[in-house]
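First the structure, in the form of structure tokens, and then the observations on it.
Letters A, B, ... are given to chains in the order of the sequence lines, protein chains preceding strands, and every chain is numbered from 1.
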2 protein chains.
Amino acid sequence: MEKRIERIKKQLHSQSYKLTPQREATVRVLLEHEEDHLSAEDVYLLVKEKSPEIGLATVYRTLELLSELKVVDKINFGDGVSRYDLRQEGATHFHHHLVCIECGSVDEIQEDLLGDVEKVVEKSWNFKIKDHRLTFHGICSRCQENKPTETS
Amino acid sequence: MEKRIERIKKQLHSQSYKLTPQREATVRVLLEHEEDHLSAEDVYLLVKEKSPEIGLATVYRTLELLSELKVVDKINFGDGVSRYDLRQEGATHFHHHLVCIECGSVDEIQEDLLGDVEKVVEKSWNFKIKDHRLTFHGICSRCQENKPTETS
DNA sequence: GGTCAAATTAAAATCATTACAATAATTAGA
DNA sequence: TCTAATTATTGTAATGATTTTAATTTGACC
């Protein structure tokens with residue numbers, strides 16, 4: 001964990017930003033909740049537990065900054081809020097998501113899956129792909145088990 | 001066009017909703033701007049030209065309703081607004097988008113592209129896919145032409 | 001024509017996010 | 001070290017999108 005913070009610090013410095021205490025606290029929360037998909041408000045509340053003096057605006061700005069540096073990805077699942085997701089170190093592409101329409105859970109797919117599709121798109125549409133967002137909506141394995149019969 | 005309205009009307013009736021004049025005006029605007037990706041506000045302004053007495057809240061409710069009936073798809077490209085996109089009639093899957101990070105244009109891909117990927121996901125993650133969202137961010141062909149040299 | 005539920009309206013409320021202005025911390029040079 | 005200049009932070013106000021409310025209208029059905 002410290003190693004990753006150290007690397008993020010370097011990344012900030014390389015763009016002449018500083019890892020201030022507030023920013024560090026925010027990054028720590030993200031690292032501790034790597035599995036989740038926190039909204040800005042979620043992050044704010046968690047950071048506040050350790051650093052009660054932080055302001056919501058600072059969290060927003062920090063997340064925005066981390067987003068620009070590609071440390072986190074900003075995603076939107078269609079509920080009204082933006083969520084922030086730590087990027088795997090060294091990941092070249094943004095991972096995908098499985099959103100369950102029953103229970104609302106969000107799982108991640110780290111595998112690429114889109115390599116071939118991207119080649120087709122770049123060639124057929126002459127479109128230079130920089131990033132992508134792929135989300136599947138459906139029923140997760142857990143909900144399928146809980147509801148074997150659909151008859152009302 | 002009248003045919004499609006007629007079919008949408010039937011679809012509404014089958015769920016015991018009515019195609020009120022306001023709803024019809026809204027659907028007409030969507031049909032006339034099938035290529036675009038209008039926000040609720042955009043739709044509102046366009047409907048207002050023909051039916052000046054309509055309210056913004058009604059447009060929101062109508063779009064929400066059409067979204068539930070799968071007549072339109074609600075999408076979100078990361079700017080602060082939801083956009084509404086008419087579904088191709090008979091389309092089984094949601095089409096994909098190419099968002100240009102230079103000029104902001106949005107092009108559509110009607111081709112499926114994800115058939116194989118979905119099979120893999122359903123099998124490997126035991127996830128029952130109902131819908132998907134796939135958006136590529138990058139440089140569209142038009143912007144690539146306008147900016148052949150990147151050196152500042 | 002009367003009744004009832006659904007739909008619409010305008011206005012107000014809500015929610016996420018951003019802008020602002022004042023304050024505090026940090027840095028670079030004298 | 002001291003001072004000016006820069007950068008970051010804070011709380012709050014403002015903004016903008018969307019939703020709710022409460023009152024009114026519409027339209028199908030008897």
May I ask you to verify if any side-chain N or O of B/S39 is less than 4.0 angstrom from the OP1 or OP2 atom of D/dA17?
-> no
Nearest-nucleotide pick for A/Y17, side chain only, options being C/dA7, D/dA8, D/dT18 = D/dA8
Salt-bridge contact A/D85-A/R87 (side-chain N to carboxylate O under 4.0 Å) | no
Rounded interatomic separation in angstrom, taking CD from B/E24 and P from C/dT8 = 12 Å
Assign the ring pair A/H37 / A/H97 to parallel, tilted or perpendicular, where the plane angle (0 to 90°) is split at 30° and 60°.
-> perpendicular
In whole angstroms, the gap separating P of C/dA7 from NE2 of B/H13 amounts to 10 Å
Can you check whether B/I109 reaches B/H95 side chain to side chain, under 4.5 Å on heavy atoms?
-> no
Distance check: side-chain N/O of A/Y60 vs OP1/OP2 of C/dT18, anything under 4.0 Å?
-> no
Check whether the side chains of A/H96 and A/E108 place a donor and an acceptor atom closer than 3.5 Å, and report yes or no.
-> no
Figure out the NZ/C1' separation between B/K74 and D/dT19, and round it to whole Å.
-> 11 Å
Which nucleotide in the list D/dT18, D/dA17, C/dA16 gets nearest to the side chain of A/E41?
-> C/dA16
Of B/R23 and A/Y84, the one whose closest DNA chain C nucleotide lies more 5' | B/R23
N or O in side chain of A/T20 less than 4.0 angstrom from D/dT9 OP1/OP2 | yes
Grab the OH-P distance between A/Y44 and D/dT9 for me, whole Å please.
-> 14 Å
Within this structure, what is the CG-to-P distance between B/L19 and C/dA6, rounded to whole angstrom?
-> 18 Å
When you measure from the side chain of B/K18, which nucleotide among C/dA6, D/dT18, D/dT20 comes out closest?
-> C/dA6
Nearest-nucleotide pick for B/A57, side chain only, options being D/dT12, C/dA16, C/dA10 | C/dA10
Separation of B/I75 atom CD1 from D/dA17 atom P, in whole Å?
-> 17 Å
